[in-house]
Asker: 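Once you've had a glance at the structure underneath, I'll fire off some questions.
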Amino acid sequence: MEEGSSRSSWTESYRGMSSANIKGLILALSSSFFIGASFIVKKKGLKKAAASGVRAGAGGYSYLYEPLWWVGMITMIVGEIANFAAYAFAPAILVTPLGALSIIISAGLAHIILRERLHIFGVLGCVLCVVGSTSIVLHAPQEREIESVKEVWDLATEPGFLLYAAFVIAAVFILIFRYIPQYGQTHVLVYIGVCSLVGSLSVMSVKALGIALKLTFSGMNQLVYPQTWVFTLVVLSCVITQMNYLNKALDTFNTAVVSPIYYVMFTSFTILASVIMFKDWDRQNPTQILTEMCGFVTILSGTFLLHKTKDMVDGSSLFLPMRRLRQEGFDLESNPLRRSISIPMDLLKHLEEDGFDPENIPLRRQDAGRSP
């Protein structure tokens, strides 16, 4: 009797995901596959465009004439459409963290196609991303019932979210006009910061627009309300800004670094915006919220591992020329040449992208510079 009652109480405490959340989950998973692959295809297109024109990281737009870049762009658009639809059915706190899967796909394809090696701890990072995402999916809140786009507009114009939007806009302008000219080519967080901050506003607008279209298709026309078109304008403005600075980040830094950092910052700001605007946590108990946060921290740990192990792999490649020099009889510990063989990481990356093999860069012996 006690066993039956305990089983029924457990069933009542966890009723599973609603049909709307399941639809959002399926759409979000398919979106991650397309978006993860698009990073790699776009990166290949950017590299081909850089060989015949001005690099995107230096302000060029020659990639617009590269068909491969457009293939990647179309792939990303398909993924974003699936992601767009997912937000119409499920809360952002469920949909957004599933972007971790796109990191795994991106890192794996970068390892195979772009020769950006994935360390064994990077694989562990991918596993952590999956575990954290699963935890969030199992404890995500149910979607809020909304019957009109006016309800979303009322949520967006509350003082709390207006204050957040003002902070985001101010921070984006400061990054664009003050920090990007100085640090854009050396600090990945500058470009990604703009993409992530703007992205949090775009997701809120995408969710509003998705709800409007879902209601319209169900027979309640929301296109007659001006709020629908305001959200549409915000979406277009934010997406154009995101794509511009994401292209700059991808062209300047390694994909396996850009993808996880972008995911971490974008997800963090999006969850914060959703909690403020849609009040997701008001419909959950402290245990569910804590479990979601633990899942998110697990994902952050995975992305951190991916980032750090990428540096380890790049750094280890610098020792290969040293081994060759030792085999030829150089004493690297006492020889002054030791100082001259340290090649900057950014230079190595661009040499590889331009077709040079850093291991074959000629290094002169110390006595070669002496007169006989």
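Values below: every heavy atom of this structure, side chains too, minus hydrogens, waters and symmetry copies.
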Asker: Could you check if a side-chain atom of Phe84 sits within less than 4.5 angstrom of a side-chain atom of Val235, using non-hydrogen atoms only?
Answerer: no
Asker: Under a 4.5 Å cut-off applied to non-hydrogen side-chain atoms, are Glu80 and Ile35 in contact?
Answerer: yes
Asker: Are Phe278 and Pro91 side-chain neighbours, meaning at least one heavy-atom pair lies under 4.5 Å?
Answerer: no
Asker: Are His187 and Phe253 packed together at the side-chain level, in the sense that at least one heavy-atom pair is separated by less than 4.5 angstrom?
Answerer: no
Asker: In terms of hydrophobic clustering (I, L, V, M, F, W, Y; side-chain heavy atoms under 4.5 Å; direct or indirect links), are Ile22 and Phe33 co-clustered?
Answerer: yes
Asker: Judged by atom type as modelled, is there a donor-acceptor pair below 3.5 Å linking the side chain of Ser274 to the main-chain atoms of Thr270?
Answerer: no
Asker: Give a yes or no answer on whether the side chain of Thr252 reaches the backbone of Ala249 with a donor-acceptor pair at less than 3.5 Å.
Answerer: no
Asker: For side-chain contact (heavy atoms from CB on, under 4.5 Å), just list the numbers for Val188 and Tyr262, CA-CA rounded to whole Å, side-chain angles, deciding distance to a tenth of an Å, and then say yes or no.
Answerer: CA-CA 9 Å; Val188 66; Tyr262 177 50; over 6 Å; no
Asker: Do side-chain atoms of Asn244 reach the backbone of Ile240 as a donor and acceptor pair under 3.5 angstrom?
Answerer: no
Asker: If two hydrophobic side chains count as joined below 4.5 Å and joins carry through other members, does Val95 share a cluster with Leu213?
Answerer: yes
Asker: Does any part of the side chain of Pro97, heavy atoms only, come nearer than 4.5 Å to the side chain of Ile271, both counted from C-beta?
Answerer: yes
Asker: Are Leu233 and Phe231 connected in a single hydrophobic cluster, I mean Ile/Leu/Val/Met/Phe/Trp/Tyr linked by side-chain heavy atoms less than 4.5 Å apart?
Answerer: no
Asker: Show the nearest heavy-atom pair for residues Leu128 and Gly302, with the distance to one decimal.
Answerer: CB-CA, 3.8 Å
Asker: If I compare all heavy atoms of Ala37 with all of Ile105, which pair ends up nearest, and what's the gap?
Answerer: N-CG2, 3.9 Å
Asker: Please check if the side chain of Gln182 supplies one atom and the backbone of Tyr179 the other of a donor-acceptor pair under 3.5 Å.
Answerer: no
Asker: If we ignore hydrogens and angles and just use 3.5 Å, is the side chain of Thr216 paired with the main-chain N or O of Gln222 as donor and acceptor?
Answerer: yes
Asker: Is any side-chain heavy atom of Glu145 less than 4.5 Å from a side-chain heavy atom of Glu151?
Answerer: no
Asker: Starting from Phe89 and following side-chain heavy-atom contacts under 4.5 Å between hydrophobic residues (I, L, V, M, F, W, Y), which residues can be reached?
Answerer: Leu27
Asker: Would you check if Phe269 and Val198 make a side-chain contact, meaning some heavy-atom pair closer than 4.5 Å?
Answerer: no
Asker: Return yes if some donor-acceptor pair links the side-chain N/O of Lys23 with the main-chain N/O of Ala90 below 3.5 Å, else return no.
Answerer: no
Asker: In this structure, which one of Ser237, Ser196, Ser202 forms a side-chain hydrogen bond (donor to acceptor under 3.5 Å, both in side chains) with Gln242?
Answerer: Ser202
Asker: Within a reach of under 6.0 Å around NZ of Lys44, are more than 12 heavy atoms found that belong to other residues, nucleotides or ligands?
Answerer: no
Asker: List in chain and number order the residues that pass side chain to side chain contact (heavy atoms under 4.5 Å, CB included) with Ile81, two or more places apart in sequence or in another chain; answer none if no residue qualifies.
Answerer: Ile77
Asker: Is Ser32 reaching over with its side chain to a backbone N or O of Ala28, donor-acceptor style, under 3.5 angstrom?
Answerer: yes
Asker: Between Ser200 and Tyr164, do the side chains contain an N or O donor and an N or O acceptor separated by less than 3.5 Å?
Answerer: yes
Asker: Evaluate the side-chain proximity of Met277 to Val152: yes if any heavy-atom separation is below 4.5 Å, no if none is.
Answerer: yes
